[in-house]
Structures are given as structure tokens and as C-alpha cells.
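In this text the structure is predicted, and so the values were computed from the model without any measurement.
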Amino acid sequence: MVDSKRSLDLARSHLLSRERALTSSRDTARSHLSSRGTDMGKKVKKDEKPPPDDVAYFHSYKVRLELLRRNACMAVSVMTAHPEVRKKLRKNEEAIPAMITLLAPEEDTVVHEFCALGLSQMAIEFSSKAVIFENNGIEPLVKCLSSSDPDVQKNAIETLAQLLLDYQTRAAIKDADGLSPMLELLKSEFSIIQKLALLALDRASQDADNRGALRELEAMSKLVDFVAHPEWNDLHVMAVMVLANLLEDHESLELVKETGTLKRLVALITDQPPPEEEAKGGGGKGGKAEKGGSRAAKKSAKDGGKTSRGKKSSEEKEESVPGEAIIPTLPDVKMCAAKAIARSARSAENRKILHEQEAEKMLIHLLAHESTEVQTAAAQALGIMSENLLTKDSIREWEGVQPLVKLLNSDNGDVKEAASLALANLTANNSTNCHDISNFGGIDALIHTLADAREEAVANAACCLTNMATEEALRSDAQNKHIVVKLIEPLKSKNTNVQSKCSLAVAAFVCDVDSRSDFRNNGGIEYLITLLHSGNDEVRRNSSWAIAVCAVDEQTASEVCKLGGMSVLQEIQVSGTRRNPFADVALQNLLNSNLSAKYSLTGALSSTNIILDGFYDAGQLRPGSQFLSLEDYCKQELHDKRPVLLVNAKPESAPKESQSQADAEMAKDSSKTSVSGKSSRTGRETKAPSPPKSKAQKEKEEKQREEEIQAQLQREAENQSTTDNKPFEMPCDSNLCQYLEEITEKIQPLQTTREQVIALAQYVSDHMGGPIEKGELANFSYELPISQIRYEMKSNVVPIGKIKTGIHIHRALLFKVLADRIAVGCTLNRGDYNLACNEVMLPDSDDTPGAPKFPPKTFVVDLVHCPGKLLRADSPEAAQYQQL
């Protein structure tokens, strides 16, 4: 009700104002009618009632009809401000077409004004936009833009601005020749008309065809001229927004490059004078351009001595060229201009033109602005521009790196994010920029940014540090500042971009033993394995690559296996959607660094896989089962399954002997103190019966015994805790140490590899129970001796040197261990039913001079039936040896 009353009051006020304006026209019509009646009375004096004049009557009726239509139009248009009125008019199919009809040129200006006003109100709803478009309302509205009445212009451009939200109107405005009148409205004396014209141009320029038409109308030059007027500074932002739309096209940039419009815009934004040769916005007018500076100086002198800017003469306005003088622009205008450069720089061709026009200088200049919004927009634009290779060098040469590094310490999150993005793009494939950032203290600032609350800033900082890690000196500097530890916390982020970039940074910096040790000791491996479960392909790929780099270290590889990383990588490898090459490399590196796991999972070791102390054969793992560590196997209780074969040629450590001697001395001392038949003073034994003790003495002795017992129990508990806290030590294998000494002395000096292989095979067979006839393998007793060793050691882990009766699986492992120690390359392949074999590559044995030489061939070494016999790998004998 309140809104309807307001609408009626507004309508009433408009009607009253228009009624006064039309009073003169009505009085004129009445006087005309009275004069006509008087004349006719003179001609026909005899008639008492003269007949009415048809022409006068028609004219009077027409005037009244026009007045009625005008007033109705005013009332309806004013009431359209109310939503209920608009709803009612939308239901009437003739309402909007009637308004459009009243926009015809023969109608009165007042009718044009209020019909355009009503259409602007109705165009708020989308359904009304469609009705106006379907009834060809665009062309009449465009014609109203050229009206002499500013109210008509205002309402018409407002209606078109509303209609241009629809893509159909944007496509039709060019055919209706509506762009040129819009540009002309920028010269209007009324700011509201200029504002609506810019709004309409902003929406129209979102269409590619309209942008092409605006280029032909020299819209960019006119907009830059508009920005050059300081008295319109409140509309400069909108003008720059229109320019941003136009500069997206490559053709527009080419045009502004040729006319010098872009350099004029840059000069206006940076509050600097434009270049003299392009001050007039084009070539061929160098004489006038040279006079521009003197005119500007004379004008400023006149302004300071006589007149103000608001009272210039028309001649001074004509002589002054927009953009020649230094015109300060608002921060919002600078921000929008930087965003316009960023939008245009998304295209590679546009970036090239912007670089040729030295747009980077403007952006670097804006980095020093006091407004954080301007700094953010400039840094973002530099980040996008930095994708051009030449721009990276230009920013460094124009001293743009140092301001960006300083912005990393800003308290504003947007500024920090934009600066980190720019630095990340500047360091991509540019080592000079990397060193320049380091010289300005950028490494410390970037590491500090890793702990920032803005996730995108963290991701950009990690990306920048990854780029800098390609330089060894910078990588070492960052490692000395504990960057590896700082990267662990961002790995916990829920943002996939942060996870991806930080995983890649970890892979770049854990390339040495110390960094991997720091990363492992601070729990970083666990978070990398967690990221392997991510549903994001890039996160899985980068985390797999980080694990692949970490897995080259044996201790780190063991930690990955302990935390279940190997099983996760296996799941990824067999997955049809999650598999990636980096996961395959990570699993391969993990297995190469943990040969025990590789042999259990794949059942094969190549000649390059050298078995060292600590290797153990836990048997072939079933799918889905977890690979346990040696310590876990040693802690298991005795069972009836196959034993775990251990390789450990390290001599037994000496501290055990000293510890046992200390325990013996402690036990001896305790036994001495616990003897009860000694004198309290001399300590000597007394054969004579002791006198009866008093009750106090007995209580004292009992109390003393209790204290001694408590002290002894406490010492035993301390010894037990010391034993529990001691690091795990593998069982020693003294026999294997002896084997190594013997083969080093007897077999290694042999001249050829063939001789070494044959001798080593015979040596292994002799220490594993000798040859076994074919068909007698089932009668060869080897399980009982091994069970006795397990029972004696009270462990499921059996050192390989302690086994004296072994079959294929034991002999092949011992052969591989001994061969690796004397540099004889061989493989180890597991078969079914405790079968295993070794393969070696040997050249032909024919050493006759001049005989043809052939590539080395693969042989299977017989260790069981005919020790030392070499079987061609593709022969039936080799196939039979590998089967039961």
C-alpha cells in the first residue's frame, strides 16, 4: 500500500508539472475556436444557432486526444516503478507494444520520455525483455538516443542497458546502428547519461561482433580521451572496464599499437606524460605533437594566474589535447586498468604485443602504490604477463623482482597471493630470475609463506621454490634453512593444489641423504603415503614422484614399506583408473632399495641388485598380505611355517662381552653383600656360635635384607629396560663370514668368470650337503636340521650360513650372496615348491685367435645335481632343472 501511494503521488506531481506546461497550448486552442466562431457569426447574421465548424471540432478533439494519451502515458510509466503494476502490465499483451508504438518520431517528446521510462522499468524482468525484443523495440529506442531532450536520452539508454543483458539484444544492437549513438552520449553534459552509456557499452562489448564494430568507430581512442578528462573521474572506472572488453581481441591490440592509444592509456594510469611522438595518438602528426608540450605549459600558466579549470574558454578546450598533461587517476581506475591488462594477456599473441608496448613498466610502477587492491591487480597482471619468455627478462631488467619479493611480507593475503604467483611464473625456466630472487632475500620470504593461512599463496610459494631447486646453489641454501621440514605442514592441507605443489617441492629437495633423513625423522613419509589415496590425479602423481625420490635411500624405503606405502602403490599399479607412470617408478625404486621386499613380491633379483647385509627371504607373499620388517619376524613366536633366511656377515659387536662382564661383577657384589655369616666389623666368618640376638637386631637385619632385595629388583628392572630400549640387532652369522674369507682367498683370484662360477657352485654345494641325485630330492633330509637350528635360536629367522643341508632355495640364495661379494654378476629367480635358480651371462670359451666372437649367452648354474655345470637357459636341461 505504501509503495502504491508513493507511485500515485509521484504520478500526480508529474501530471501537475506537465499540466502547467500545456496550459498555453490549451489557451491558444480556445482563442482560435472563439475567433472562428465570431467570424462565422458575421457572415450569417440571420442564424440564431450557427452550425459547428468540422475542422475546428476535429482539431479540438485531436488536441484533447493527444493530451489524454500524454497524460495516460505519464501515469502508466510512473506507476511501472511498482512491482505489482509491472506484473499487471505483463499480463496485458497490448501494454508493451503500445509503449513501443508511442516511440514513433511523430509523437511528442513528452510521450517519448515517459514511454522510454516505462520500458526501462518493464525491462527489469527478463520476460519483458523478450517481449520488447520480439516487438522490434530496439530500433525506436536507438532513434531516441539522438533526441534533443536529455530526459528522452536518459530513459532510452537506460532501457537499452537493461536489454543488453540479453544475448539477443547484444547481437541486434549492431544491426540497429546503436553503438555510434552510445559513443556520442559520452559527450553529454549530464553524468547520469554518460554513466548509462558506459554501462550499455560495457554490456554490448561482451559480443565479439560488437567489439569489431566499436573498433571501426574508434571507440578505444574515444574512451582513452574520456579517461583523460579529470572532471569525469567518477566514471573512469567504467570506461576502463569497456576498454578491458575491447582489449581482449588481438585486432584491438594491433589497432591501439598502431595508433599509440595503449601508450597513452599507460601514461594516464601511471600519472606520467605520454611519449612526445605519440601524444596525438598516431603517426604522421609529429608537428602538432611537438607543440603539445608548449600548449600544456601555457595552459597551466594561465590556469595558475587567471582562471580555474571550471571557467576555461571554449578556445582553450579546443586546443587542449586529452592525455597531454599529467592527470592523476583514482586507485580504482589503476586497479581496473591492471585487470584489463591481465585479461588481455591471457592470449599469447596479446602478451607479445603488450610486451612490445612495455606494459610491464606500468605494472611495476603500480606495485609501489599505497593501495593494496592496486598492488594485487598489478602483481596478478605481471604473473600472467610472465608466461611470455621475453617478459621475464624485461621485468628483471626494469627492477620488478625486488618489489614483488617485498610484497611477500605484506599483511594483506590477496597481495601475498598475487606476488607469489608472479614470482612462481618468473622463475619457471629462468635461472637468472631465480638467483635475482635469492639475492633479494626471496628464499626466506618464500619459506615463511609456506606457513601462511592463504592456501593459494602456499601453493604458489611451493611452486616458486620448486623452480629455484633446479639451481644447485639455491637448493643447498634452501636445504640449510630446513625447507624440507617446513614442507611437511602444508602436506596436511585439504586443498588439492597445495598438496600437489608441496609434494612436487618435496621431490625437488629430498635429493640428498641428509634431507631425506630430516624428512623421514619428522614424519613426512606418512603424509606422502596418505596423499597416495587422493582422488585427484595430479596429487597422486606428484606424491608418487616424491616417494620415488625418497625411495632411493634404503632406510627411507624401509620406512615407506613399514607405513604401508608399498601396498598402496601396488593397488595403484593394478588399478585401471588410478595408475600412473610415476607410481610405477616409485614402486620400482622402492623395491630396488628394499631387495628383501622385491624378492618376496616379484620373486626375482637382477644382476644389478647386489645383496648386502640385512637381506632376508621371507618367502613369496600372497596378494594382499603385508610385508613385515626383519624385527617383526624376529619378535614372532616359533611356528611350523618356512623359516626366514637371513644374510648378515657383520661380525658380532664387542659391547655384549663388556656388558656380560659388568653383569657378572654386579652379581658377585650382590652375593657378597647377601652373605649372612660375617662379622659386622671385620667381615670374617666366625665358627663360634653367635650369641642370641635381640628383637631389635632381628628387625634391623630383616629390614636390611628387604632393602637389598628391593635394590636388586630395581637393578634387574633397569637392565631389562635397557635391553628393551636397545636398538634391534640382527643375529650374527659367523659361518657366512668364514665363507666370504675363503672365497675371497681361493675363488676370486681365478682368471675367468667361467672358472669362478664353476668353482663357486661347487663350493656352495659342498657346504649345503653335497650333490643330490636326480629323483632323490624327496629323500634328502633338510627340514629337520633347519628346525633344530630354529629351536636352538628360538627364532623363526635363520642365518643362511648356519644351514648345512639345503636344497634349491637355500643354495641359490647363498650362491647369489657369495657371487655379489666377488663381483660375479648373477640373477636369483624363485620358482614353485621351494625351487630357485641362478643365471649368469658368460662369453664363449673359445679363445682361439681369429675365432668369431659372439655376444654373451645366458646359462643356468646347476647347484644341486651336477654342481658347477652350466646349462643353456633355452635348453631342455635348464627347464628340467627349474622343475620338480
Original post:
Of all heavy-atom pairs between M793 and K802, which one has the smallest distance, and what is that distance?
Top reply: SD-CD, 3.9 Å
Subject >> Distance-minimising heavy-atom pair for V484 and S515 >> reply: CG1-O, 3.8 Å
Original post:
Do the ring planes of H767 and Y763 sit parallel (below 30°), tilted (30 to 60°) or perpendicular (above 60°)?
Top reply: tilted
**OP:** Consider only side-chain N and O atoms of E776 and N779, and report whether a donor and an acceptor are under 3.5 Å apart.
**Re:** yes
Subject >> CG-OG distance between N467 and S431, expressed to the nearest 0.5 angstrom >> reply: 11.5 Å
**OP:** Only one of L605, I610, V817 passes side-chain contact (heavy atoms from CB on, under 4.5 Å) with F615; say which it is.
**Re:** L605
**OP:** May I ask you to say whether D617 pairs ionically with K816, meaning some side-chain N is under 4.0 Å from a carboxylate O?
**Re:** no
Subject >> Distance-only polar pair, side chains of T556 and R520, donor-acceptor under 3.5 Å >> reply: yes
Subject >> By ring pair (Phe, Tyr, Trp, His ring centres under 6.0 Å) - contacts of F582 (at least two apart) >> reply: W545
**OP:** Would you please say whether a donor-acceptor pair under 3.5 Å links the side chains of N497 and S500?
**Re:** no
Original post:
Is K635 positioned over the aromatic face of Y633, cation under 6.0 angstrom from the ring centre and no more than 45 degrees off axis?
Top reply: no
Original post:
Any chance the side chains of Q738 and E742 put a donor and an acceptor closer than 3.5 Å?
Top reply: yes
**OP:** Heavy atoms only: give me the nearest L569-S544 pair and the separation to one decimal.
**Re:** CD2-OG, 4.4 Å
Original post:
Rounded to the nearest 0.5 Å, what separation is found between the SG atom of C502 and the OH atom of Y527?
Top reply: 13.5 Å
Original post:
To the nearest 0.5 Å, what is the distance between CD (Q499) and OG (S534)?
Top reply: 5.5 Å
Subject >> Donor-acceptor side-chain pairing of N834 and H808 below 3.5 angstrom >> reply: no
Original post:
Closest heavy-atom contact between V539 and L531?
Top reply: CG1-O, 3.9 Å
Original post:
Of the options D514, D512, D518, which is the one that meets Q479 in a side-chain hydrogen bond (donor to acceptor under 3.5 Å, both in side chains)?
Top reply: D512
**OP:** State, without any angle test, whether T858 and E839 hold a side-chain donor-acceptor pair at a distance under 3.5 Å.
**Re:** no
Original post:
Y599 ring centre to R830 NZ or CZ under 6.0 Å, with the angle to the axis within 45°?
Top reply: yes
Subject >> Rounded distance (nearest 0.5 Å) linking atom CG of L532 with atom CG of N542 >> reply: 11.0 Å
Original post:
Which distance, rounded to the nearest 0.5 Å, do you find between the CG of L760 and the CD1 of I747?
Top reply: 5.0 Å
Subject >> Donor + acceptor pair across side chains of N521, S517 (<3.5 Å) >> reply: yes
Original post:
Shortest non-hydrogen contact from K804 to N735?
Top reply: NZ-ND2, 3.7 Å
Original post:
Would you say the side-chain atoms of N592 and K598 include a donor-acceptor pair closer than 3.5 Å?
Top reply: yes
Original post:
Among all residues two or more places apart in sequence or in another chain, which pass the salt bridge (charged side-chain N to carboxylate O under 4.0 Å, His left out) test with D537?
Top reply: R540
**OP:** Tell me, please, which residues at least two apart from E877 pass salt bridge (charged side-chain N to carboxylate O under 4.0 Å, His left out).
**Re:** K869
Subject >> Distance-minimising heavy-atom pair for L835 and I809 >> reply: O-CD1, 4.3 Å
Original post:
Say you draw a straight line from CG of L587 to CD of E571; how long is it, rounded to the nearest 0.5 Å?
Top reply: 11.5 Å
